[in-house]
Amino acid sequence: MKVFKFGGASVNSAEAIRNVAEIVRQYLETPLVVVISAMGKTTNLLEKVVPGVPASDNDRRKLLQQNTDYHLTIADSLFADKGDPTFGRLRELFGQLDEVSARKATNYNFDYDQTVSFGELISTTLISGYLNSVGISNVWVDVRDVIRTNENYREGIVDFDTTRRQANSQLSTLNSQLVITQGFIAGTAAGTTTTLGREGSDYSASILSYCLDADNMTIWKDVPGFLNADPKFFANTIKINKIPFNEAIELAYYGASVIHPKTVKPIQNKGIQLNIKSFLDPSADGSVIGPFDSIEPLTPLYIFKNNQILISIQPKDFSFIAEENLQTIFAVLAELNIRVNLMQNSALSFSLCLDYNEILLDKIRERLESQFRLVYNTGLQLITIRYYNQQIIDEIVDGRTILLQQRSRTTTQLLVDSK
Ligand code: ASP
Ligand code: MG
């Protein structure tokens, strides 16, 4: 059995979805589980209609209409039969999404998951229906009945035992070799929807690969493989052909956008190789993450994260930044499920680099401002370089102000002003 993952960019138009169908068609002789993300930028849009977020009901409706139009335009172009039952299913999902997003805000993380999960429910419904309509017969599976998490909304913690049991009982009894299911979303014991964190569809595919003992897993991307830098930021990228499991974990942890940080561990545990291939050139080699000793070719690797905020936290009572203060700060970060990209402390101040998120920033301030003074810089870029040297650093920084820097033997991280 193989597991494929198609991300938002690979299903962002009718043409892209036709291409996915052509790729899947090449692999119909073996059992295949296909994990799909929300189409294009749908998750970003849905984040704006989470209860409590839209400025007005009018804004909310406009965004939802935009979402409906986007999907229906693509469906119209894909389906020869405009009476295909998929249209009814899609309308049902748009209706449910409208109802969920109009609810009164409760807990932001909970509301978030109930709302943004529709991106994947809609994309898989549309694509599964389309594949069936062109003779690629498949079964649509609701992954919320398969991947079990706890109630840690926006970043559900996976219960692998239950997931393995459910995956084997649900997926092995199907009378189809081809399963279409959702990335990113999961379900609790009570049947409530959760998500696995932004870009979590890779992780979904890896969880299913692990639980089903897949022969291998493939992530289909709009790049030729695992590049030494994101081509959006860097002109002359080099494809890395082989990446050891541990190197891939480190890179993803630092923010290499090619895979989600949690993706590698489960498949590494079972020695399942992960291919990264281009959906634009499906027969090309791509990259392989596997049991290798070092990356090949060995070359500097760059990871860029934009829209960073540096928060400096100073105790108001002029106490030092000591264990008790750090404990208070970390309790707040843990409560809000916030991931720290870089941190550093001095005697009087503790500095944190985070992905900028206005709502979470307000919540941090609410909780800390009675005890601490918070100062921040926004619009920053975090650069991580593995296998660095000084010349490379100078080129990349290019005269910008460095607000924070850390170095280890193999890795340096620099927080700089954006240009
Ligand atoms: N649709 C989700 C996101 O955009 C999950 C994913 O794409 O992997 O974050
Ligand atoms: Mg995505």
Side-chain angles (χ1 to χ4, degrees), residues 3-13 16-17 20 33-50 53 63 66-67 70-71 74 93 97 100-101 108-109 111-128 142-144 146-147 149 152-156 158 180-187 193-209 217-223 226 230 232 248 252-253 255-264 266-267 274 276-277 279 305-307 337-339 355-357 359-360:
V3 174
F4 283 1
K5 182 260 175 172
F6 288 99
S10 64
V11 292
N12 65 1
S13 66
I17 294 171
V20 165
V33 174
V34 178
V35 173
I36 304 177
S37 303
M39 286 158 55
K41 303 270 177 246
T42 300
T43 308
N44 293 355
L45 182 146
L46 295 178
E47 284 185 336
K48 299 188 192 131
V49 296
V50 174
V53 174
L63 287 162
Q66 200 181 314
N67 181 59
Y70 170 62
H71 288 98
I74 292 175
L93 288 168
L97 167 60
V100 167
S101 113
Y108 173 68
N109 292 345
D111 291 339
Y112 180 100
D113 285 359
Q114 308 322 303
T115 312
V116 299
S117 49
F118 278 92
E120 273 70 13
L121 294 172
I122 294 167
S123 68
T124 52
T125 299
L126 196 162
I127 294 163
S128 164
D142 188 335
V143 85
R144 295 172 297 179
V146 179
I147 299 182
T149 70
N152 194 32
Y153 296 104
R154 265 183 68 232
E155 180 121 33
V158 176
I180 302 294
T181 197
Q182 306 78 40
F184 181 52
I185 71 175
T193 306
T194 55
T195 66
L196 303 172
R198 283 305 305 262
E199 306 303 326
S201 297
D202 294 346
Y203 184 41
S204 305
S206 151
I207 295 164
L208 295 175
S209 298
M217 164 176 158
T218 303
I219 297 181
W220 295 90
K221 304 274 307 179
D222 54 1
V223 286
F226 203 125
D230 184 335
K232 277 185 222 117
Y253 173 80
S257 59
V258 70
I259 45 169
H260 184 275
K262 289 182 177 169
T263 308
V264 179
I267 53 169
L274 167 54
I276 299 179
K277 283 169 71 83
F279 59 75
K305 268 177 174 257
N306 280 348
N307 203 13
N337 262 333
I338 289 172
R339 219 188 94 111
D355 294 343
Y356 180 73
N357 174 321
I359 293 170
L360 290 175

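We're numbering straight along the sequence, starting at 1. First listed ligand is number 1; within each ligand, the first listed atom is number 1.
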- Closest non-hydrogen atoms of S101 and V49, given as atom of the first, atom of the second and distance, are CB-O, 3.2 Å
- Check: A38 main-chain N/O paired with E120 side-chain donor or acceptor under 3.5 Å: yes
- Could you tell me how the ring of W220 sits relative to the ring of F6: parallel (under 30°), tilted (30 to 60°) or perpendicular (over 60°)? parallel
- Give yes if a backbone or side-chain nitrogen or oxygen of E199 is under 3.5 Å from a nitrogen or oxygen of ligand 1, and no if not. yes
- Task: Could you tell me the separation between the NE2 atom of H71 and the OG1 atom of T42, rounded to the nearest 0.5 Å?
- Result: 3.5 Å
Should you measure from each heavy atom of [X], which atoms of ligand 1 turn up under 4.0 Å away?
| X | answer |
| --- | --- |
| T43 | 1 (N), 2 (C), 3 (C), 4 (O) |
| S201 | 5 (C), 6 (C), 7 (O), 8 (O) |
| R198 | 3 (C), 4 (O), 9 (O) |

- Does ligand 1 have any atom sitting under 4.0 Å from a heavy atom of G119?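 Outside the 4.0 Å threshold, so no.
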- Item | H260 heavy atom under 4.0 Å from ligand 1 | no
- Message: In the structure I gave you, are the side-chain heavy atoms of T181 and I36 within less than 4.5 Å of one another anywhere?
- Response: no
